[in-house]
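One structure is given below, encoded as structure tokens.
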Protein chains: 2
Amino acid sequence: MPFTTSEENYIKSIYHLQQASGMVNTNTLAAEMQTRAASVTDMLKKLKAKKLLQYERYRGFRLSEAGKKAALDVVRKHRLWEYFLAEHLKFDWDKVHPIAEELEHISSDELVQRLDNFLGNPSFDPHGDPIPDRNGKIPVINQLSLTDIPLKKPVRVSSVSNQSAQMLEMLKHYHIALGTQITVLNHFSFDGSLEIKVLKHSPCIISEPVAKNVFVHYVQ
Amino acid sequence: MPFTTSEENYIKSIYHLQQASGMVNTNTLAAEMQTRAASVTDMLKKLKAKKLLQYERYRGFRLSEAGKKAALDVVRKHRLWEYFLAEHLKFDWDKVHPIAEELEHISSDELVQRLDNFLGNPSFDPHGDPIPDRNGKIPVINQLSLTDIPLKKPVRVSSVSNQSAQMLEMLKHYHIALGTQITVLNHFSFDGSLEIKVLKHSPCIISEPVAKNVFVHYVQ
DNA sequence: AATAAAATTTAGACAAAACTAAAAATATTA
DNA sequence: TAATATTTTTAGTTTTGTCTAAATTTTATT
Ligand SMILES: [Mn+2]
Ligand SMILES: [Mn+2]
Ligand SMILES: [Mn+2]
Ligand SMILES: [Mn+2]
């Protein structure tokens, strides 16, 4: 089963959307992929014919087991390449995504396996997202949104759920990166913003929309 | 000027063919690219429209300066990726080509520059072929075909001009790789075959077609 | 020079992946 | 429940890159 680049991009997007919401619908996927609903419908028919998803027209769709496996394979490649770009080529974490978006479609299985070994079989990509192993198994960690952390408890950043260039640039400005140690000093109920102390920097205030997307785990 | 994968494959093939023969013709290119002459003609029109080549129908074609530059860029990417695959991922030299054939189309200029630096700005790929620098400048070395080497003069393998899987497998069998030291012991005029001594191995005989494709330079 | 052979191009078709505009189905609301 | 709005699909095009078969041009041979 060799898939086209376009098919791979579709199943990957469907995989991410159905993580959140179970069933996926046409317009949501079209928005996610920056394309038109009609184009999505066209592709859904192809993917259904290849038994990569369950789909009844007008009723929404979700990946089959085969589809999920194919999606996880693309996710694995994407995150391994991101790791390579950040760790070895010294790209900033907010620059790796669009390049990995291309590299994830290189087809050699042996390449992926050798890359994985070369990188030291990493478990998380530069954004803190888990890297599936060759069987599609995903490592898990206990993490909480920064908005749910009690005051004065030091935590460490483990991932960010919004990875837009804008978001990542903003975090860079706050000196927040993966592994950064943070303490929440205050919780302002007026707008939900947080006063935080980033280790080695002066306290600052971040808005609720930012805080919500920063995931952390307790230190030790 | 972003080129499609297909356009890049065409200009790269034209570049290689015109190195040997100046002007390139339709059937030769079709054979090289494992496609049909009609498809070549179609693409020639597109490439001419983009001013990447000089072409008059029925008369053959050659790359323009812009076309040559674009081709060298693809060649550069191809060889840098081959170097990465062989040197860091420990692929055998006879396995890297088809993967680099895909990787060479990844579009980020910054990626290429960082990859080049990461690799230590190598001058030659795993087959001994020169890697153009970012300006398209190609390093040169004095090398001769093994068929033109006098007896008893030790030489070192610097490149092989036929890089088919069959050829590379055969060289592996003879324990010949890049950098291998060889001495020619005999020249059999009957069929042009050579008796050679590969350093650390017993003498053996290689056919003229093999010898012709092995390029070497004198030791010291 | 006429004819045959080879090389090349054109004409027409097809598949993949996208689009727009219109039709159909489903969901919402008055 | 009937009318309206939203969502989704269908119908018909477009672009890119490929193909086969036929026509054209060039080259080689009698
Ligand atoms: Mn992609
Ligand atoms: Mn990531
Ligand atoms: Mn290629
Ligand atoms: Mn090479």
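No hydrogens, no waters, no symmetry mates; every other heavy atom, side chains included, goes into these values. Just so we're clear, the structure is a prediction, and the values are computed from it rather than from any experiment. First the proteins, then the strands, lettered A, B, ... as listed; each starts at 1.
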Interatomic distance where NE2 belongs to H105(B) and P belongs to dG17(D) [whole Å]: 12 Å
Atom pair distance, as rounded to whole Å: CZ in R57(B) and P in dT24(D): 12 Å
Touch class at under 4.0 angstrom, heavy-atom based, for F61(B) against every strand present: nothing
Sugar-phosphate only, base, or nothing, as touched by Y55(B) at under 4.0 Å among non-hydrogen atoms: sugar-phosphate
Please check the phosphate of [N] (OP1 and OP2 only) for any side-chain N or O of [X] closer than 4.0 Å.
{"X": "T41(A)", "N": "dT9(D)", "answer": "yes"}
{"X": "R59(A)", "N": "dT26(C)", "answer": "yes"}
{"X": "S6(B)", "N": "dT16(D)", "answer": "no"}
{"X": "K45(B)", "N": "dT10(C)", "answer": "yes"}
{"X": "N25(B)", "N": "dT8(C)", "answer": "yes"}

L146(A) vs I206(A) side-chain heavy atoms within contact, under 4.5 Å: yes
Passing candidate, side-chain hydrogen bond (donor to acceptor under 3.5 Å, both in side chains) with H78(B), options H97(B), E8(B), H105(B): H97(B)
Candidate list D116(B), D125(B), N135(B), D133(B), test side-chain hydrogen bond (donor to acceptor under 3.5 Å, both in side chains), partner R76(B), passing option: D116(B)
Nearest of [options] to any side-chain atom of [X]?
{"X": "T26(B)", "options": "dC19(C), dT9(C), dA16(C)", "result": "dT9(C)"}
{"X": "D42(A)", "options": "dC19(C), dT7(D), dA17(C)", "result": "dC19(C)"}
{"X": "Y58(A)", "options": "dA7(C), dG17(D), dA25(C)", "result": "dA25(C)"}

Verdict with supporting geometry, K95(B) and E110(A), salt bridge (charged side-chain N to carboxylate O under 4.0 Å, His left out): CA-CA 10 Å; K95(B) 301 290 192 302; E110(A) 196 181 348; over 6 Å; no
